[in-house]
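A quick write-up on the structure given underneath.
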Amino acid sequence: MNFTDQLFPETVVPVLVPLPSERPYSYAVPEGMEVVPGSIVQVPLGPRQVAGVVWDAPTDPVDAKKLKPITHVFDCPPLDERMRRFIDWVADYTLSPPGLVVRMALRAPAAFDPEPWIEGIEATGAEPDRITSARRRVIAAAEDAPVWSKSGLAHAAGVSASVVDGLMRQGVFRTVRLPPPPVVAEPDTAYGRATLSSDQTAAAQQLVATVERSGFSATLLEGATGSGKTEVYFEAIAAALDRGQQVLILLPEIALTQSFIDRFHARFGAPPAEWHSDVPPRRRESVWRQVAEGRVKIVAGARSSLFLPFKDLGLVVIDEEHDPAYKQEDRTFYHARDMAVVRASIGEFPIVLASATPSIETRVNALSGRYGHVRLTTRHGDAALPDLSLVDMRRHPPGRGRFVSPVLTTAITETVARGEQALLFLNRRGYAPLTLCRVCGHRFQCHNCSTWLVDHRLRGVLQCHHCGFSTPRPEACPECGTLDHLVACGPGVERIAEEIVEGFPDARTIVLSSDIAGGPRRLRRELEAVADGEADIVIGTQLVAKGHHFPKMTLVGAIDADLGLTNGDPRAAERTFQLLHQVTGRAGRTGLRSHGLIQTFQPEHPVMQALVAADPESFYDSEIDERRRAALPPFGRLAAIIVSANTRSEAEAHARDIRRAAPETDEIEMLGPAEAPLAVVRGRHRFRLLVEATRRAPIQTYLRDTLLHAARPRGSVQVQIDMDPQSFL
Ligand code: ADP
Ligand code: ZN
């Protein structure tokens, strides 16, 4: 050993830091410090200190002079082997730098240190030197519980804190330290067990069997809206909890699913821990920590909860598995449903995917036997699915400037007269999607994006739904100056509400969309009010379509059923079918007769026909056939490359360069570049390339090769990879 060798520290370890770097960085482990793969550590990075994770992957060779020591090891359970392999897998599959994926697992920095213990007091059994009535009350009150907070005991005894202080000085009470309180109570699997129907029992047994067999399996739980899928998968959850394992339930719109939390609470005697953007930071930190320690047994969360560091995850349930909200499309593009299946496979535990209208991908996996398939065929109890019919808008047109056909108006009148509720569904926020000047034809466009500004009358603004830009609605045209000649084109929910209030002045009308004033909390309250029957006519966007249980709702009208059919997306038909099926499924949740009326200009379209025939099988069959013929997912694979830049020419030039760099292969083809349908967003010009591959083709390697051979993005140019794209805009 020569002299220089001795200058090297004992060990050097790779540390994955939350940066877009392809590999972990090397750090020295100072003497006396102990780390293992998965340890969460603090390391210097330039002038900053950041949290990273000790990894088990090769690093780039590092110059000994540049090697810096780890500054701190957090007192925190290390990310286990399965979690690390999961992170590597996601990074590899999505072509994201692993550092950005690990960052999703480190979203609660304050939780890396243990939660502080809390201070309490307990009686020692000693007697005070002198007894007063106040002291007597304190000693008596203290008998109700073994440990108290000082102020809590004073309050219970009805005395001031100084009385308790006096008793402590005399040794009647002593200070004790208590572990931090659990964020949620332990679920009790025997608490509110429902009596299942025989169908439901059979379905539940199949799911419970997958939990008891343990090992990886994926099962599609398919059943009509209201068939009791939730009750059924609750049994699988109970089975996993009984084995002492943790459970994750993924929900597409957690901020709105108070009713789910309430139901869970009624079944298990305690709520699940929630994990989503609406949970306050301090609470999120406690959840993260207690999930890592295994103290939280059950989490209900948005897609990001997939990256929580569970100690012993034994089951994942994905509710509404077909929901597009599971796809994340910023920074790291990933599909939470698909990645959840991967997490289950790496973790060797079962996963349940629940839906009334499964995605084609999942349906194909179930049909091919790769996934188990458990079905519930009827609605629970005396609830019946609504009768659906089409309203041909060519034959029953609404009045001028109106959007509700006379057929639907009559149905609303009858529904309201019976004291029941009607839901009008239109997947468009605001008042009108476009405003133009009747004199010069000027159209109001966003300054930052190639989109029209949406008229929001209630707030008096024109707003861009892509960048959030908003401007007060002017009285005069900015182009020709003419006053009072601006016209709204097309409807949004606010405009439908205006029409309804005019036609039904005595009805209680309510508009529900995600941009409601007062935010998610107000929305939750409004949804509860609707469930309690405190509205006659509800007008809403897609967020009313999901999962809600409105007992008095007996009519659903889809205002513009064709809306999603025309956007050139390969999933347009599937999405439209799913959305209309879900929204009409809000009706008829109890024994009352119910109807769905679907306003369309294309009544002959296969989607519309499948809906009214209540024949999802034939719809799925023909849709699957079509995908197979076109080699579209899941029979082929797609990836999108999105190139953006401050100028159109830079974006286009770089996109062309990527195309030139693409290798020639038989199994993979690159199409484009073409200007994106959303050509400009937030001032950035966008071009897209589409990669089409056969099912087994090495698409990731192909993409890596391409990017390696293309020029490095310079200046404002940015390249994003979207594996399995869901959006083509
Ligand atoms: P899905 O998830 O399939 O839409 P849910 O589980 O929400 O169906 O059930 C629909 C409604 O029927 C809910 O109000 C639920 O409480 C009720 N329900 C379903 N199964 C049962 C059961 N076995 N006993 C009592 N109520 C049930
Ligand atoms: Zn904009």
Side-chain angles (χ1 to χ4, degrees), residues 192-205 207 220-238 249 251-252 257-268 300 317-323 352-358 374-386 430 433-434 443-454 456 461-471 531-532 545-553 578 581-592 594 644 678-686 729:
R193 188 158 264 158
T195 313
L196 300 185
S197 69
S198 59
D199 274 10
Q200 291 175 338
T201 306
Q205 277 169 355
L207 297 185
L220 167 60
L221 171 60
E222 181 174 1
T225 51
S227 57
K229 294 184 292 299
T230 315
E231 302 295 337
V232 166
Y233 70 62
F234 276 174
E235 293 317 297
I237 291 173
I249 309 170
L251 299 168
T257 30
Q258 187 58 42
S259 62
F260 177 85
I261 305 291
D262 294 345
R263 254 179 98 176
F264 186 93
H265 197 154
R267 169 66 184 82
F268 290 98
V317 175
I318 307 186
D319 206 353
E320 311 286 5
E321 69 85 29
H322 63 279
D323 199 296
V352 174
L353 302 93
S355 177
T357 52
V374 173
R375 309 188 73 156
L376 291 169
T377 43
T378 52
R379 273 198 163 176
H380 178 70
D382 55 0
L385 286 166
L434 168 66
R443 295 166 171 223
F444 285 80
Q445 199 184 334
C446 179
H447 296 303
N448 313 318
C449 310
S450 52
T451 51
W452 309 127
L453 293 177
V454 178
H456 284 260
V461 296
L462 301 179
Q463 192 183 36
C464 172
H465 284 181
H466 289 281
C467 71
F469 168 82
S470 94
T471 175
D532 291 342
K546 296 178 186 174
H548 311 291
H549 185 63
F550 302 133
K552 288 184 78 182
M553 193 150 287
Q578 286 160 341
H581 188 91
Q582 289 281 333
V583 71
T584 52
R586 292 315 107 211
R589 308 276 295 188
T590 50
L592 303 168
S594 64
S644 64
L678 254 176
V680 187
V681 175
R682 293 171 197 271
R684 295 184 63 82
H685 295 256
R686 305 167 75 242
L729 292 179

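Note that the structure is a prediction, hence the values are computed from the model and not measured. Remember, it's 1-based here, ligands and their atoms both numbered in the order they're listed.
Take S355 and apply the side chain to side chain donor-acceptor pair (under 3.5 Å) test, not counting sequence neighbours, and it matches H322.
The nearest N, O or S atom of H466 is not closer to the Zn ion (ligand 2) than 2.8 Å. Among the atoms of C449, an N, O or S atom falls under 2.8 Å from the Zn ion (ligand 2). At least one N/O/S atom of C464, from backbone or side chain, sits under 2.8 Å from the Zn ion (ligand 2).
When the heavy atoms of R589, H380, R379 are ranked by distance to atom 22 (C) of ligand 1, first place goes to H380. When the heavy atoms of E320, R193, E231, H549 are ranked by distance to atom 11 (C) of ligand 1, first place goes to H549.
Only the backbone of A224 comes within 4.0 Å of ligand 1, judged by heavy-atom distances. Residue K229 touches ligand 1 through backbone and side chain together, judged by heavy-atom distances below 4.0 Å. Residue contacts with ligand 1, taken as heavy atom pairs separated by less than 4.0 Å, involve T230 via backbone and side-chain atoms alike.
One N or O on the side chain of K229 and one on the backbone of A224 form a donor-acceptor pair closer than 3.5 Å. Panel note: side chain R379, backbone G588; a donor-acceptor pair is recorded below 3.5 Å. Using modelled atom types, no side-chain atom of R686 and backbone atom of V681 make a donor-acceptor pair closer than 3.5 Å. Checked by atom type and distance alone, the side chain of S470 never pairs as donor or acceptor with a backbone atom of V461 at under 3.5 Å. Judged by distance alone, the side chain of Q445 and the main-chain N or O of S450 form no donor-acceptor pair under 3.5 Å. With hydrogens and angles ignored, the 3.5 Å screen pairs no side-chain donor or acceptor of E222 with any backbone N or O of L353. Between the side chain of R193 and the backbone N or O of E235 there is no donor-acceptor pair closer than 3.5 Å.
With ligand atoms numbered from 1 in the order given, ligand 1 contributes 23 (N) to contacts under 4.0 Å with heavy atoms of L196. Set against the non-hydrogen atoms of T225, the atoms of ligand 1 under 4.0 Å away are 4 (O).
In this structure, E321 and P358 have side chains that are in contact, with non-hydrogen atoms separated by less than 4.5 Å. T225 is listed as a side-chain neighbour of L385, based on a closest heavy-atom distance under 4.5 Å.
The nearest protein atom to atom 4 (O) of ligand 1, hydrogens excluded, is given as G226 N, 2.7 Å; this is a heavy-atom distance. Given atom 20 (N) of ligand 1, the protein heavy atom at minimum distance is Q200 NE2, 3.0 Å. Of all protein heavy atoms, the one lying nearest to atom 15 (C) of ligand 1 is R263 NH2, 3.6 Å.
Checking only distances, G228 does come within under 3.5 Å of ligand 1, N or O to N or O. Geometrically, ligand 1 and T195 share a nitrogen or oxygen pair separated by less than 3.5 Å. Every N/O-N/O distance between G223 and ligand 1 stays at or above 3.5 Å.
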